[in-house]
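What follows is a set of notes on a single structure, which appears directly below.
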Amino acid sequence: MGSYDFQKIEKKWQSYWKENRTFVAEKLSDKPKYYALDMFPYPSGKGLHVGHPLGYIATDIITRFKRLKGFNVLHPMGFDSFGLPAEQYAIRTGIHPAETTAKNISRYLEQMEALGFHYDPDAVLSTSDEDYYKWTQWIFLKLFKHWYNKAEEKAQPIEDLIAIFEKEGNANIVAATSQKEIFSADDWMGLDEKGHADILMNYRLAYNAYANVNWCPALGTVLANEEIKDGKSERGGHPVERKQMRQWMLRITAYADRLLYNLDNLDWSDSMKNMQSHWIGRSEGANITYDVDGVEDTITVFTTRPDTLYGNTFMVLAPEHDLVAKITTPEQQKEVEEYVTWAGSRSEKDRIADTTKTGVFTGGHAIHPLTGKKLPIWIADYVVITYGTGAIMAVPSGDQRDWDFAKKYDLEIVKVVEGGDDADAPYQPKDGIIINSEFLNGMVAKDAIGAMIDKLGEMGIGDKEVTYRQRDVIWSRQRYWGEPTPIYFKDGIAYPMDESELPLTLPEIDQYKPSESGEPPLSRAKNWKERPDGGLVDLNTMPGLAGSSWYFMRYPDAKNDEAFADRKIVDYWMPVDLYVGGTEHAVGHLMYSRFWTMFLHDMGEVSVEEPFTKLVNQGKIQGTSQLVLRKVEDGVQKFVSADMVSDAERADYAEIHVEVSMVQAQTLDLEEFKKDPMLEGKYEFITNAEGEFKTVPRAEKMSKSYYNTVDPVDICRDYGADTLRLYEMFLGPLEMAKPWNTDGITGVHTFLKRAFNLFINEQEEVIVTDEKATDEELKYLHQCIKKVEEDIERLAFNTCVPAFMVFAKEIGRLKCHKREILEPFLRVLSPFAPHFCEELWEKIGYKESILFSTYPTFEEKYLVESTINYPVQINGKVRAKIDAAADADKAAVEEIALGNETVQQWLEGKSPKKVIVVPGRIVNIVV
RNA sequence: GCCCGAGUGGUGGAAUUGGUAGACACGUUGGACUUAAAAUCCAAUGGCUAUUGCAGCCGUGCCGGUUCGAGUCCGGCCUCGGGUACCA
């Protein structure tokens, strides 16, 4: 046999698809569209490993399927090609990042082609292409030129805002803004250009401000919170510190409510929605203003539990709070200053590691707004300046942190919610009864919240308030390999560049690292940053998030140079019907993509507000590392087969990663291993009784440093792309994480060989006949079609594979080679094993690619059995089987069941209390 | 701590709305073909009891509940994975 020559077949069809431009989508069409998208990769120098294509295979299958179903399909691929690794490589080697990136991209494309992915060649894009980032800059300018009207929940041109300022000042404007002072029209008219610019900056959606940033000295740049893991940079693992810097920021908080409420209508997993809503972190409560004893100033706090105000016994400010200096008494000054300095020097990491509450008394007191009691004001770093107002009313009887603090510093505790008799714990459930609280006594806490807010409102010292956890995002990076910011400064005023000046391209520079004086790399550019009018171009570039926040809207019309995309074309294709990618982008990329899409919607540039209707998170494929056990004795390395080492002895051995390709079935190929250049000096091997050397497997991240990466191209060489595609799907549900192992790959490969033999005999002849199919054969066919069609629709690709296998086995058993059966089978299988099916499709006599064929519909009539074999349960246990006609009604089935001899024996003459017949399923008799 | 998700044979995993748990595959064992091996094909394969024949009992992390019937639903725990955190 061996006639299934997958290497030849796959090469042939890959070039056929390319030459015939089989996968170019119609930009506009009357046909329904289907847009499936993978999160585009960063083209790293390491290439793809078998974990990457999992999601790509899934989208490839569903789009091929949809195409057969008559949809106009878009399935593009691109590259998130701005980024740190290429830049760091450039710093080391002097090679331009564009060069490295281009090389990596072509390697990725080669690998992807080898897997049979059909990407639309007209839609391929890279975020670092000038004709792409032109539009990234264009959107940034739009953000700069707009403000967010909270009253209308919509972004509006900044000119509209100026018109209002000129007429009536800012008092009546409800906006997402960092502007705190109220001014009148006269005030506004009295300001100069710089004054206007400064105020407008507080309203712009892209704005420039001083911000406490995460500065990474090793990378010479600022990082977003999402780019930091455990106090270190996500890429590279360098330490990160806090620093005040002037930065571009995007006012994503303006969209917080829309980003939150729209989640309800998205077909995303619960955990994904959960992460997003938690990230936005909306909490409702009240702001309460306190007078400060002896000082002309007030403290405003945010609380979600105004009902516990009577339990408030002290105040806590963040150490960075503005008022700290004002209220600190001379006696306390030294201690407070020391604490502020100490707290400021603590890194993020220290604060996370250390949860003990520390603080110092300022000496000042606030006046309780209801009781008039003097409340001591403390500072403590468990109150953070960035959330709420940076100050809290401490209610130790209700809040764990306040409780701990009060206990530590011996502060008063007043119980305000009934119950909770544990003397060592705070207690304040929202359904508890309020006590010790004057007018609130006896109320349920959640009602008391409203009552208290009303009261505070009457007194003019408090109001309802909503606070968000989400922060505006810092949009400046002090890097080279990113989109330049199309803004220039003159006399301290930021001016947007004219759209005709876009793209603002990256200048050539001699070195890619920051300048000696700590300026961003772009400061090294000659004849670039200075403008004829004396302005200076901003030296920051945008973060990696920029290019990926809108790329899905570029694909449908990726070559357009008049607009980021033609309005009609984006509206036809958007939203993305299926977006597949990893969970790691839950709060980063996905949040900013939704934000930019909403913004462009407000601009009237696109119709949709939400870009991704359905989101699926593919599980990571982990590597399976192989470890050998080694002990060094008298300078000799002793390698011992793992099954010869008891658990107790295991600790004496070091575990050494070995290249996974040298291990088959947990057995190390010793001859190969001995060739390994890493194996130096004297060594010996201790094998088991069979003379084999066993390794220890361990599932961990697929990484070159663990010698556990598997190149998909290697698998394609050994088994073929079709086998790999089927196998990756067969491994388990798309969403599930799973370790890579090739143990089962022969199973799917055998299936393909078996299926091949249905068409071609050992003499390489086509043996397909035009005979009429029998009902039994048609039954297997239609069972397969039905199952696969339903499972593809619900993205259960894993269970499609067994359906194919059963078909091939049964049809093979029936020695059936009939066109009527095999031709539809090819169409059903083709999304999974496209090369295989194209080849046989051609062999049995079709000129056009199978992709221009149609998906066969299943015919119910072949699936209907004439009789149904019912299991009969008696008191829940299956005791007998009966046959009943498929169209028999419940009563008839019941009659047959009760008449059955075995059933009667089990009934022992007793009459049933109840008989339950589930049509087509089961009969249950209750005695 | 809090919020999600998951726990099923030796292994990966099926079981879509509660209806014969273990599909399909790997592995293992036995057999056919072969001088032999590979390849291919066939059979068995959750556990226990019985195996002369039918068969019976137990079984989806643990405990309890709802139901004629629970892997699936509810309550409480345990373990693992992911997210998140002085968020007031």
Side-chain angles (χ1 to χ4, degrees), chain A residues 1-2 269-279 281-283 285-286 301-306 308 316 318 351-352 354-358 380-384 386-395 398-402 404-405 467-470 583-584 586-587 617 619-620 665 726-727 730-733 735-751 753-754 757 787 790-791 793-794 796 798-806 809 812-813 869-879 881 912-927:
Chain A
M1 242 163 271
S269 71
D270 288 345
S271 72
M272 195 53 73
K273 289 185 184 182
N274 208 317
M275 275 188 235
Q276 289 225 337
S277 75
H278 187 257
W279 191 257
R282 180 190 159 95
S283 50
V301 299
F302 173 74
T303 177
T304 54
R305 296 298 300 271
T308 62
V316 187
R351 277 176 83 146
I352 289 165
D354 175 17
T355 55
T356 56
K357 311 278 174 288
T358 60
D381 74 346
Y382 81 88
V383 176
V384 293
T386 48
Y387 183 78
T389 59
I392 61 158
M393 58 172 228
V395 183
D399 183 277
Q400 186 68 52
R401 291 154 305 173
D402 297 345
D404 294 344
F405 197 77
T467 299
Y468 300 88
R469 198 183 93 97
Q470 185 173 44
T583 14
E584 65 272 23
V587 288
N617 299 112
K620 279 201 189 66
L726 279 164
Y727 184 57
F730 182 65
L731 272 176
E735 296 91 336
M736 193 184 280
K738 50 223 150 189
W740 175 257
N741 75 78
T742 46
D743 290 352
I745 201 165
T746 53
V748 282
H749 193 63
T750 304
F751 152 71
K753 284 196 279 189
R754 193 180 279 159
N757 292 333
K787 174 83 177 147
E790 286 173 359
D791 286 358
E793 292 287 1
R794 64 186 182 100
N798 51 325
T799 50
C800 293
V801 185
F804 295 131
M805 289 177 172
V806 169
K809 199 167 203 169
R813 182 178 57 80
N869 188 250
Y870 284 88
V872 182
Q873 295 182 349
I874 294 168
N875 288 339
K877 285 207 158 45
V878 177
R879 296 301 186 190
K881 297 266 172 89
K913 274 190 206 138
K914 199 171 169 191
V915 178
I916 295 128
V917 177
V918 183
R921 296 283 192 180
I922 204 162
V923 180
N924 195 352
I925 300 169
V926 188
V927 185

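Order of the sequence lines fixes the chain letters, A, B, ..., with proteins taken first and strands second; residue numbering starts at 1 for each chain. Side-chain atoms are counted along with the backbone in the values below, which use heavy atoms only and exclude waters and symmetry mates.
When distances run from any side-chain atom of A:Phe302 to the nucleotides B:rA15, B:rG83, B:rA88, the shortest one goes to B:rA88. Out of B:rC87, B:rG56, B:rC3, the shortest distance to the side chain of A:Arg879 is found at B:rG56. The nucleotide whose nearest atom lies closest to any side-chain atom of A:Val383 is, among B:rA88, B:rC86, B:rG13, B:rA88. Listed candidates were B:rA88, B:rA25, B:rC26. Nearest to the side chain of A:Thr304 is B:rA88. With B:rG13, B:rC87, B:rU20 as the candidates, the nucleotide lying closest to the side chain of A:Val384 is B:rC87. Closest to the side chain of A:Val918, out of B:rC86, B:rU84, B:rG19, is B:rG19. Distances were taken from every side-chain heavy atom of A:Asp743 (C-beta onward) to each of B:rC4, B:rC26, B:rG13; the shortest belongs to B:rC26. Taking only side-chain atoms of A:Arg794, from C-beta outward, the nucleotide of B:rU16, B:rA25, B:rC86 with the closest atom is B:rU16. Of the candidate nucleotides B:rG19, B:rC24, B:rU16, B:rC24 has the atom nearest to the side chain of A:Val806. The side chain of A:Pro802 lies closest to B:rA23 when the candidates are B:rC86, B:rA23, B:rU20.
Residues A:Arg401 and A:Ile392 have side chains not in contact (no heavy-atom distance under 4.5 Å, counting atoms from C-beta outward).
With a glycosidic angle no more than 90° from 0, B:rG9 adopts the syn conformation.
At the heavy-atom level, A:Lys809 lies under 4.0 Å from the strands shown only through sugar-phosphate atoms. Heavy atoms of A:Phe730 sit under 4.0 angstrom from at least one base atom. Across all strands shown, A:Met393 has no heavy atoms under 4.0 Å from either base or sugar-phosphate atoms. Using a 4.0 Å heavy-atom distance criterion, A:Thr467 is classed as making no nucleic acid contact. Heavy atoms of A:Pro739 sit nowhere under 4.0 angstrom from any nucleic acid atom.
Judged by distance alone, with hydrogens and angles left aside, A:Lys877 brings no side-chain donor or acceptor close enough to the base of B:rU20 to form a pair under 3.5 Å.
Within the 4.0 Å cut-off from OP1 or OP2 of B:rA88, at least one side-chain nitrogen or oxygen of A:Ser283 is found.
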Give every pair of a protein N or O atom and an N or O atom of nucleotides 68-75 of chain B that lie under 3.5 Å apart, one pair per line with the distance.
| from | atom 1 | to | atom 2 | distance (Å) |
| --- | --- | --- | --- | --- |
| B:rC68 | OP1 | A:Lys914 | NZ | 3.2 |
| B:rC68 | O2 | A:Asn924 | ND2 | 2.3 |

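Whole-Å rounding puts the A:Lys273 NZ to B:rG5 C1' distance at 16 Å.
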Could you write out RNA chain B as a dot-bracket string, with dots for unpaired bases, | for bases paired across to another strand, and Watson-Crick or G-U pairs counted at under 3.5 Å? (((((((..(((......[....)))((((((.......))))))((((.....))))..(((((..]....))))))))))))....
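Rounded to a whole angstrom, the distance from the P atom of B:rA38 to that of B:rA14 is 32 Å. The gap from the P atom of B:rC42 to that of B:rA25 amounts to 10 Å, rounded to the nearest Å.
For the side chain to side chain contact (heavy atoms under 4.5 Å, CB included) test with A:Pro871, the passing option among A:Arg921, A:Lys881, A:Lys877, A:Arg879 is A:Lys881; the others fail.
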